[in-house]
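Each ligand, and each atom within it, is numbered from 1 in the order the structure gives. This structure is a prediction, so every number in the text was calculated from the model and none was measured.
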Amino acid sequence: MIRPILPYGDVILRKATAEVFPDFPNLPGLISDMYETMYAASGVGLAAPQIGESIRLFIVDGTGFEEDEPGMRNFKQVFINPVILEEEGEEWAFNEGCLSIPGVREDVVRKSRVLLEFQDEKFEFHEAWFDGMSARIIQHEYDHLEGILFTDKINPMRKKLIRSELEHISRGNHRADYKMKKPFQRR
Ligand code: ZN
């Protein structure tokens with residue numbers, strides 16, 4: 001089921017998220033909803049808070065970009081209770097976007113490599129290094145679990161320039177061609 005994506009301004013996007021346990025009700029259903037929702041919005045990553053679930057879970061699928069980014073070949077994965085253990089490497093800027101902030105793209109500087117501990121959908125533990133674009137996607141989605149959005153990380157002058165656009169989005173005036181939750185709409 002495609003779920004509406006929470007827009008910039010929704011308080012859930014700013015909340016600290018809770019650890020996920022194996023008895024979470026219908027976790028496979030939630031994960032499948034997240035994939036469906038992400039694909040419908042042509043995204044490469046989606047964090048649970050973006051559909052209103054304040055838990056430590058995000059999904060990625062960068063396999064569609066394999067041609068430009070060979071490192072994305074097998075980059076389809078569910079990340080549960082992830083912890084960034086290390087971040088290293090040269091800082092690089094990339095023009096990021098976010099499904100919760102449609103129509104806004106800005107350069108964000110991040111380190112190029114991350115060591116991540118996480119559990120998969122069977123709650124098995126993994127520890128792995130990611131670099132380049134896959135590290136970038138993980139850092140962006142991980143930030144969502146901490147209540148951080150990429151617009152928090154751009155330079156203050158750019159932030160000023162997009163302020164009114166962010167206000168529009170938080171009022172429900174956006175250009176997304178996918179389903180978004182209306183502001184102040186209670187479920
Ligand atoms: Zn995002």
Inset, instruction - Not counting sequence neighbours, which residues clear salt bridge (Lys or Arg N to Asp or Glu O under 4.0 Å) with Arg73? List them please. - result: Glu66

Inset, instruction - Could you pull out all residues at least two apart from Glu86 that satisfy salt bridge (Lys or Arg N to Asp or Glu O under 4.0 Å)? - result: none

Inset, instruction - In plain terms, say whether Lys111 and Glu87 are close enough for a salt bridge, that is, a side-chain N and a carboxylate O under 4.0 Å apart. - result: no

Legend entry - Side chain proximity check, Phe65 to Glu67, heavy atoms < 4.5 angstrom: no

Inset, instruction - Check whether any side-chain heavy atom of Phe75 lies under 4.5 Å from a side-chain heavy atom of Asp61, and answer yes or no. - result: no

Could you list the donor-acceptor pairs under 3.5 angstrom formed by side chains in residues 91-98, with sequence neighbours left out?
{"from": "Asn95", "atom 1": "ND2", "to": "Asp107", "atom 2": "OD1", "distance (Å)": "3.0"}
{"from": "Glu96", "atom 1": "OE1", "to": "Arg110", "atom 2": "NH2", "distance (Å)": "3.1"}
{"from": "Glu96", "atom 1": "OE1", "to": "His140", "atom 2": "ND1", "distance (Å)": "2.8"}
{"from": "Glu96", "atom 1": "OE2", "to": "Arg110", "atom 2": "NE", "distance (Å)": "2.7"}
{"from": "Glu96", "atom 1": "OE2", "to": "Arg136", "atom 2": "NH1", "distance (Å)": "2.7"}

Inset, instruction - At a cut-off of 2.8 Å, list the protein N/O/S atoms near the Zn ion (ligand 1), residue plus atom name. - result: Cys98 SG, His140 NE2, His144 NE2

